[in-house]
There are 4 protein chains.
Amino acid sequence: MAKKTKLTRAEQKALRPIQILDAAFDEFVAHGFSATRVEDIADRIGVTKGTIYVYFPTKEDLFSAMIRHISLPLEDLLREAGGLQGSHAERLRSFLLLAYGGIAQDRRSRELLRFVISEGSRFRQLIDAHFAEVIEPLLSRTQMILDEGVMAGEFRKSPAANADIIVAPILSLMMDQLIHGDRRIVDLSAYVEGHLDLVFSGISVPKALGD
Amino acid sequence: MAKKTKLTRAEQKALRPIQILDAAFDEFVAHGFSATRVEDIADRIGVTKGTIYVYFPTKEDLFSAMIRHISLPLEDLLREAGGLQGSHAERLRSFLLLAYGGIAQDRRSRELLRFVISEGSRFRQLIDAHFAEVIEPLLSRTQMILDEGVMAGEFRKSPAANADIIVAPILSLMMDQLIHGDRRIVDLSAYVEGHLDLVFSGISVPKALGD
Amino acid sequence: MAKKTKLTRAEQKALRPIQILDAAFDEFVAHGFSATRVEDIADRIGVTKGTIYVYFPTKEDLFSAMIRHISLPLEDLLREAGGLQGSHAERLRSFLLLAYGGIAQDRRSRELLRFVISEGSRFRQLIDAHFAEVIEPLLSRTQMILDEGVMAGEFRKSPAANADIIVAPILSLMMDQLIHGDRRIVDLSAYVEGHLDLVFSGISVPKALGD
Amino acid sequence: MAKKTKLTRAEQKALRPIQILDAAFDEFVAHGFSATRVEDIADRIGVTKGTIYVYFPTKEDLFSAMIRHISLPLEDLLREAGGLQGSHAERLRSFLLLAYGGIAQDRRSRELLRFVISEGSRFRQLIDAHFAEVIEPLLSRTQMILDEGVMAGEFRKSPAANADIIVAPILSLMMDQLIHGDRRIVDLSAYVEGHLDLVFSGISVPKALGD
DNA sequence: GATGAATGAGTCTTCATTCAT
DNA sequence: CATGAATGAAGACTCATTCAT
């Protein structure tokens with residue numbers, strides 16, 4: 001049952017690239033692509049520079065592989081969102097909560113966004129891939145629920161039934177955490193509650209009763 | 001009437017640093033701090049490397065000066081927001097529109113946000129300065145209007161009366177434009193309209209009438 | 001029996017720093033600290049600039065290491081001077097001859113003196129280290145023999161029994177060779193003979209006999 | 001009677017090069033030729049770099065001119081030594097004292113020696129000029145007195161009657177002061193007394209009386 | 001596979017020198 | 001004369017990449 005040293009050489013070999021990618025993630029997050037030294041990535045896992053080059057031919061390839069590495073888990077989460085039940089409001093609420101948990105609060109998703117912003121001009125495909133795999137699914141699923149809710153008469157047919165607007169607080173929170181890390185602690189539950197409250201009610205005092 | 005070569009030396013001297021800072025802005029925006037070559041900044045305005053160093057002792061100093069350079073105009077805009085008139089809803093609407101025009105749609109403000117995200121770990125003070133000079137004023141003014149509106153009975157005393165949430169679509173739009181530039185053209189007026197509609201009404205069909 | 005390429009990697013690695021330090025010595029001697037180019041040091045041993053920096057982080061560190069490198073052998077020689085035999089005059093004579101052979105005629109000791117004079121203001125510790133490790137031992141051992149000789153009645157108790165004065169011709173010769181190299185060939189044996197003759201007899205005609 | 005501002009423009013003009021040379025002396029002394037910046041020399045007298053180049057075409061020319069500048073006064077002193085009176089011992093004593101006062105204790109002569117040692121390989125003529133104008137006259141005059149003293153039966157015809165040896169303590173003192181400046185204060189009068197005592201008597205106890 | 005010595009292209013920075021004002 | 005903005009050649013230092021062991 002002992003886990004340590006139990007790894008066969010084949011397992012070891014399969015593990016190495018993942019170790020490297022994890023270390024690369026940390027270094028690239030901390031310093032960005034240009035300012036990250038391959039040697040620092042190597043140091044992080046106790047190997048030498050040369051070892052990195054055994055697995056990845058260039059620093060750019062390593063970066064791209066790292067991006068792919070941290071992008072993978074996300075797909076699962078979005079798929080999971082398929083089978084939501086209940087009214088449209090309930091489905092929207094559930095979906096947004098899922099997005100908070102799976103995206104905004106997931107460090108990898110967050111840092112991926114940082115890479116898109118800071119390295120997007122060097123790695124053009126980053127932008128398209130991120131949009132296609134993260135943003136677009138998020139928006140289209142949101143928009144789908146909104147449209148269905150409108151058709152069902154549950155939501156107003158209004159300019160506010162716009163996915164970009166509805167998910168904005170989620171992206172905004174990601175950015176805030178990207179910038180401030182743990183230094184500016186936002187009250188997360190109040191934030192989410194405020195978001196949902198706004199979505200479903202707006203801030204104005206209901207006029208209907210009095211009129 | 002000829003403008004060229006008409007500048008006195010004193011004028012030239014006063015102009016040069018601004019030229020440099022503008023060129024630096026463009027290069028740093030395009031490549032980030034580390035990947036920007038001082039020589040490229042110089043080339044952009046037709047001088048040589050050495051000239052840059054006549055005005056700025058190091059690349060880091062140049063970067064910091066550039067940040068200060070692009071941060072200045074913002075202060076005016078926020079001050080301008082002081083004298084808004086009308087109901088609280090009108091004041092909030094006006095303030096948000098002002099923020100769209102002055103911040104989200106201002107290229108410098110937008111790119112400043114990029115620097116905060118991509119170079120914040122290298123230039124720590126960037127984060128604090130940006131928060132203190134841009135984010136915090138934006139949030140506190142918004143919160144003030146919200147609080148007053150609640151006290152005046154114009155807004156619901158609700159979790160949605162939360163500045164972070166209310167301004168999120170503005171920041172989210174900035175980020176979107178930062179990432180996609182002109183490639184993903186969002187319908188700006190629909191976006192703003194959707195934002196304001198959400199803020200003041202939410203998306204739910206009013207229940208009072210039907211009940 | 002072939003010597004070349006016969007070195008193991010470990011031997012190479014142990015040798016390289018010494019090669020570099022020897023080459024650095026030659027270049028620094030020829031041009032001084034500031035005017036020496038790291039690349040020239042590298043060229044001298046057929047490697048590239050980068051290799052130097054594998055072993056020494058900065059030019060200053062290389063210089064300091066070079067100084068330590070050439071300073072080491074001296075310690076042995078001074079220790080050797082401990083077991084001198086004979087009358088005090090004989091011991092003084094032997095010690096001075098030892099100093100001529102081990103210091104004045106040793107190229108490294110000589111050039112070390114040049115570095116002290118020319119780079120002392122940049123490398124303050126050079127001065128103190130040189131004094132503590134070369135000059136002071138030389139002077140204190142000389143003074144010890146002089147003092148003992150005086151107590152033994154072998155030397156006059158006079159102002160001339162002053163180590164600074166007694167060893168001056170040795171230092172003066174070093175300086176001369178530093179300046180003129182091989183261009184002004186001083187008759188070394190006449191010089192040494194003159195020095196010892198002066199020390200033990202002065203230049204005046206003995207008065208006692210004639211009076 | 002006011003000295004200040006009384007200078008005509010012509011006098012001002014004549015003064016400027018001397019100011020520059022004096023400032024250059026201080027900077028070159030402190031940092032050596034290579035590490036001295038022309039701008040620092042200019043700063044020292046409150047002018048700008050360009051001004052230096054009005055008077056001296058290159059840094060090397062400035063250095064050479066500075067050497068000539070500080071070498072001038074020395075010639076006078078040596079000439080002064082011509083008319084010494086008294087016995088040969090008295091003349092030698094007077095000459096050595098003159099050398100102490102005029103050379104060893106003259107800052108310019110001392111620093112000139114530093115330049116010879118540290119910049120001699122870059123400015124070859126420095127070595128020859130220094131030897132011809134300082135060292136050789138010192139040695140030849142000393143040797144002349146020694147030779148005449150031997151011929152007059154006043155000095156022993158011995159290996160010690162060697163100018164190199166006799167003046168060595170003077171040069172050695174210069175070197176010591178060059179290295180230690182004011183940090184190692186040698187008792188100058190004891191030093192000179194010791195030197196002269198050695199020269200005229202050696203350190204051995206006179207044997208003549210007892211034998 | 002892993003190493004780490006070596007490379008060399010690249011970048012920041014310095015500074016002697018020029019020249020229009 | 002004096003200035004000081006501008007130059008550009010040079011040099012310290014870095015680091016992605018290679019390759020023999």
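Below, all heavy atoms of this structure are taken into account, side chains as well, without hydrogens, waters or symmetry copies. Every chain is numbered from 1, with letters handed out A, B, ... down the list of sequences. None of the values given here were measured: they were computed from a predicted structure.
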Interatomic distance where [atom1] belongs to [X] and [atom2] belongs to [N] [whole Å]:
X	N	atom1	atom2	result
Asp40(C)	dA10(F)	CG	C1'	12 Å
Arg16(B)	dG4(F)	CZ	C1'	13 Å
Leu15(D)	dA2(F)	CG	C1'	16 Å
His31(C)	dG11(F)	NE2	C1'	15 Å
Phe63(C)	dC13(F)	CZ	P	14 Å
Ile52(A)	dG1(E)	CD1	C1'	13 Å
Phe56(A)	dG1(E)	CZ	P	11 Å
Asp43(A)	dA16(F)	CG	P	12 Å

- Message: The side chain of Val54(B) is closest to which nucleotide in this list: dT7(E), dT7(F), dC1(F)?
- Response: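 Nearest to the side-chain atoms of Val54(B), counting from C-beta on, is dT7(F).
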
- Consider the side chain of Thr48(B), meaning its heavy atoms from C-beta on, and name the nucleotide among dT7(E), dT3(E), dG8(F) that approaches it most closely.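 The nucleotide sitting nearest to the side chain is dG8(F).
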
- Message: Once side-chain contact (heavy atoms from CB on, under 4.5 Å) is applied, do any residues pair with Ala42(C), and if so which ones, sequence neighbours excluded?
- Response: Val47(C), Ile52(C)

- Under the side-chain contact (heavy atoms from CB on, under 4.5 Å) test, which residues partner Ala65(A), sequence neighbours left out?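 Only Leu21(A), Phe56(A), Arg68(A) meet the side-chain contact (heavy atoms from CB on, under 4.5 Å) criterion with Ala65(A).
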
- Query: Would you say the side chain of Ile67(A) lies within less than 4.5 Å of the side chain of Phe123(A), judging by non-hydrogen atoms?
  - Reply: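 They are not in side-chain contact.
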
- Item | Residue pair Phe25(B) / Phe115(B), side-chain heavy-atom distance below 4.5 Å |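 Sidechains of Phe115(B) and Phe25(B): in contact.
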
- Task: Can you tell me which stems involve DNA chain E, if a stem is defined as three or more consecutive Watson-Crick or G-U wobble pairs, both distances under 3.5 Å?
- Result: E:2-21 with F:2-21

If the condition is salt bridge (charged side-chain N to carboxylate O under 4.0 Å, His left out), which residues does [X] pass it with, not counting sequence neighbours?
X	answer
Arg44(C)	Asp26(C), Glu27(C)
Asp40(D)	Arg37(D)
Arg122(A)	none
Asp22(C)	Arg108(C)

- For dT7(E), does OP1 or OP2 lie under 4.0 Å from any side-chain N or O of Thr51(C)?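 Yes, Thr51(C) has a side-chain N/O under 4.0 Å of OP1/OP2 on dT7(E).
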
- Item | Test side chain to side chain donor-acceptor pair (under 3.5 Å) applied to Thr58(D) - qualifying residues, sequence neighbours left out |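 If we apply the side chain to side chain donor-acceptor pair (under 3.5 Å) test to Thr58(D), skipping adjacent residues, the hits are Asp61(D).
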
- Message: At under 4.0 Å between heavy atoms, how does the protein contact nucleotides 13-18 of chain E? Give one character per nucleotide, 5' to 3', with B, S or -.
- Response: BBSBBB

